[in-house]
**Student:** 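Here it is, the structure in full.
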Amino acid sequence: MTDKRGKERIIIHIDYDCFYASVWENLRPELRTVPLGIQQKSILATCNYIARERGVKKLQLIKDAKAACPDLVIVNGEDLTPFRDASRSIFNFIAGTLVGTNQMERLGFDEIFIDVTALVDHNLALLLNSAPGDTFSFHLTLSPPHTTFPINLHNLPPYTHPSDSIPPSFSSLSLDTSGQAQPPETIRLLQRLYLATHLATHLRTLVKSTHNHTASAGISTSKTLAKLAGTINKPDAQTVLHPTTTQAFLDKFEIGKIPGIGRKAATIIRQLVNPLIEPEEQLHEEWFEDVKQKVTVLEVRTKLTQVDLARSPLGGTEAAKVWAWIHGLDDQGVGAKKTVPSQITVEDTFRSLTRAEAVMEVLDRLHSKMLSRMSSELVEDPEAAGGVGKKRWIAVPKTYRLSIRTRKHGFGNRVSRSMPLPSWVLSGVINGDNEGTVGRLSREMGWNLMKRALKEEGEERGWDLQLVNVGVAGIEGAEGGRRTIGEFFGGKGKQTVREEVAEVEEMDGEWELWEEECYVDGEEDEDVWGVCSVCGGRMLRFTLEAHARFHALEHSEGMDMDMA
DNA sequence: ATGGATGAG
DNA sequence: CATTCTCATCCAT
């Protein structure tokens with residue numbers, strides 16, 4: 001514990017440049033030469049560098065962006081499918097290139113952390129044991145069959161931070177820039193960073209040649225430092241941090257720029273450093289930008305103690321993390337490669353959504369996308385891949401969730417309600433019965449949870465939805481599992497019975513109206529609808545019997561299935 | 001487990 | 001500040 005030198009991890013962080021814009025430029029090459037913005041509703045999610053030179057900003061209102069740059073070309077980016085696909089493709093490509101390194105983590109669609117410690121140590125051993133030369137074959141794999149790329153041992157790719165703090169020649173790493181001999185631990189760490197820097201360049205070159213995306217990268221000894229290092233030179237560039245100057249590097253950052261310190265934590269910490277600022281001044285409107293104090297990491301370190309942070313609303317746990325991060329101590333590991341997401345959500349936003357009919361249309365549309373994604377991301381189909389065999393679940397979600405934001409309860413936050421995911425959703429996906437399942441999801445799941453949420457939030461009249469989000473969660477990576485149709489009946493365990501949903505809803509005013517609009521089309525009478533006594537789902541009466549059989553199966557066959 | 005808060009891009 | 005459309009983790013219950 002006393003001496004960590006020589007045991008430092010080596011982390012590469014890669015960040016694709018203005019990713020959404022870049023994806024569109026690949027889709028439509030003529031967009032490469034024009035100022036390009038990606039629109040989501042009233043804002044630009046991002047824009048290319050040509051647009052940035054013309055004064056366009058990320059997250060700018062569309063009208064402001066057009067004012068700044070009248071010939072801005074705008075494409076719609078509300079459907080994230082092409083971005084998600086490109087992101088996966090690049091990630092899988094890099095994973096396939098670095099066979100044997102499992103610590104590879106995506107952050108959003110456009111960033112990757114890679115822990116290259118084992119790979120670099122392997123190569124350093126090879127290099128130190130080989131005859132001296134001008135080049136070295138870097139091994140991308142830890143065991144045969146090997147793929148390699150050549151590195152020039154007299155040339156370190158740009159950039160280093162501080163500038164030119166690491167000599168370009170591998171054999172000169174034992175001396176610093178003023179010719180001073182370095183301690184052996186430092187030399188070894190520099191040698192490892194040297195190799196990782198070449199690797200980062202190689203990976204960026206490969207991503208450019210195979211996927212036509214430029215990227216920026218940072219190379220250092222922790223996730224925090226690697227990520228921050230990558231911000232120094234961009235786009236299409238990379239930076240390796242000199243390992244003995246990291247504190248000075250961190251000290252210059254505004255506290256809110258440190259990954260993991262977001263808006264809330266940053267505001268609390270700024271207040272502690274400078275109590276003169278009133279909360280309203282910190283949080284409101286136009287002046288915000290002017291009044292907001294920039295509080296640097298150095299100030300936090302020198303004007304506060306960890307105890308100050310711990311006694312603040314941050315609390316002891318957060319305080320300890322923050323205190324460690326700003327002192328360059330970051331033991332956050334790079335997670336294992338993830339093949340399946342832990343949740344799949346789909347959402348849309350609105351200026352105003354009040355009519356029941358419109359709400360049901362929205363639910364149908366969102367559920368349709370949700371089911372497609374479940375099918376493509378959670379189901380393996382050997383036949384679609386040109387082979388034979390049954391479809392099987394790679395991983396199964398446990399929960400269905402609906403989140404909304406209303407105008408009244410508006411700012412800030414979403415309210416959500418969730419239920420165990422019924423088995424008929426899973427069978428619908430496997431059987432490809434998208435249409436029937438969508439309708440059922442909207443009527444029995446989405447609608448009921450929305451009623452619950454609005455009722456419990458005291459918005460049974462005068463509601464006005466601004467956001468509707470549906471999704472499945474609790475997806476557990478089930479690698480190597482053998483799950484076929486039928487298993488989900490027994491494999492999911494017992495579902496919670498929610499009494500309140502089964503109750504006859506008693507609502508007044510507009511709620512009834514809303515419900516009538518949706519369910520009573522003039523010809524329907526009460527006898528058409530029934531409520532399941534087990535799960536409370538509302539459904540057409542003639543489907544109740546079949547529905548009850550699902551529940552029976554759930555309970556009777558539960559123990560026969562392969563639950564690990 | 002559920003639902004909210006907070007973080008990330 | 002939040003704007004968009006996600007995704008992840010932590011915490012109280």
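Not measured: the values here are computed from a predicted model. Note on naming: letters A, B, ... go to the chains in the order of the sequence lines (proteins, then strands), and numbering restarts at 1 for each one.
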**Student:** Just to be sure I understand the rule, does A/R401 reach a base, reach only the sugar-phosphate, or reach nothing, if contact means heavy atoms closer than 4.0 Å?
**Tutor:**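 No contact.
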**Student:** Please state how far atom NZ in A/K223 lies from atom C1' in B/dG9, giving the value in whole angstrom units.
**Tutor:**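 Those two atoms, NZ and C1', are 14 Å apart.
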**Student:** Which part of the nucleic acid, if any, lies within reach of A/K227 when heavy atoms closer than 4.0 Å are counted: base, sugar-phosphate only, or nothing?
**Tutor:**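 The answer is sugar-phosphate, as A/K227 gets under 4.0 Å only of primed atoms, P, OP1 or OP2.
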**Student:** Looking at A/K57 and A/D64, is there a salt bridge between them, counting it only when a charged N and a carboxylate O are closer than 4.0 Å?
**Tutor:**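 Here A/D64 does not pair with A/K57 in a salt bridge, since their nearest N and O are not under 4.0 Å apart.
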**Student:** Evaluate the ring planes of A/H327 and A/W323, with Trp represented by its six-membered ring, and classify them as parallel (under 30°), tilted (30 to 60°) or perpendicular (over 60°).
**Tutor:**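 It falls in the tilted class, 30° to 60°.
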**Student:** Please state the C1' separation for the pair C/dT4 and B/dG3 - nearest whole angstrom.
**Tutor:**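 It comes out at 23 Å once rounded to the nearest Å.
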**Student:** Give a yes/no on whether any side-chain N or O of A/T349 is located under 4.0 angstrom from OP1 or OP2 of C/dT3.
**Tutor:**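 A/T349 to C/dT3 OP1/OP2: no side-chain N or O under 4.0 Å.
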**Student:** Rounded off to whole Å, could you give me the CG-to-C1' distance for the A/L402 and B/dT2 pair?
**Tutor:**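 Spelled out: CG on A/L402 to C1' on B/dT2 is 14 Å.
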**Student:** Go along nucleotides 6-13 of chain C 5' to 3' and tag each nucleotide: B for a protein heavy atom under 4.0 Å from its base, S when only backbone or sugar atoms are that close, - otherwise.
**Tutor:** BBS--S--
**Student:** Return the orientation label for the A/Y20 and A/F83 ring planes: parallel under 30°, perpendicular over 60°, tilted otherwise.
**Tutor:**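 Rings of A/Y20 and A/F83: parallel, as their planes differ by under 30°.
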**Student:** Should A/E457 and A/R417 count as an ion pair when the cut-off is N to O under 4.0 Å?
**Tutor:**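 Yes, A/E457 and A/R417 are salt-bridged.
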**Student:** Decide, yes or no, whether a salt bridge links A/E377 with A/R88 under the criterion of side-chain N to carboxylate O below 4.0 Å.
**Tutor:**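 Salt bridge between A/E377 and A/R88, a charged N being under 4.0 Å from a carboxylate O: yes.
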**Student:** Can a cation-pi geometry be assigned to A/R52 and A/Y49, taking NZ or CZ under 6.0 Å from the six-membered ring centre and within 45° of the ring axis?
**Tutor:**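 Positive - A/R52 is close enough to the ring of A/Y49 and near enough to its axis.
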**Student:** Over how many whole Å does the gap from A/I269 atom CD1 to B/dT6 atom P extend?
**Tutor:**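 Answer to the nearest Å: 14 Å.
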**Student:** Let's see if you get this right: which residues in residues 35-62 of chain A place a heavy atom under 4.0 Å from DNA chain C?
**Tutor:**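 Correct list: A/Q40, A/K41, A/I43, A/L59.
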**Student:** Hey, does A/S403 reach any base, or is it just sugar-phosphate, or nothing, if we go heavy atoms under 4.0 Å?
**Tutor:**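 Nothing, no heavy atom under 4.0 Å.
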**Student:** Any salt bridge between A/D331 and A/R9, counting N to O under 4.0 Å?
**Tutor:**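 Looking at A/R9 together with A/D331, the answer is no, because their closest N to O distance does not fall below 4.0 Å.
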**Student:** State plainly whether the residues A/R270 and A/E254 are in salt-bridge range, i.e. N to O under 4.0 Å.
**Tutor:**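 Salt bridge flag = yes for A/E254 with A/R270.
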**Student:** In whole angstrom, what separates A/D64's CG from C/dA2's C1'?
**Tutor:**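 Distance check: A/D64 CG to C/dA2 C1' gives 14 Å.
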**Student:** Partners of A/S312 by side-chain contact (heavy atoms from CB on, under 4.5 Å), sequence neighbours excluded?
**Tutor:**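 Residues passing side-chain contact (heavy atoms from CB on, under 4.5 Å) with A/S312: A/I268, A/L272, A/L314.
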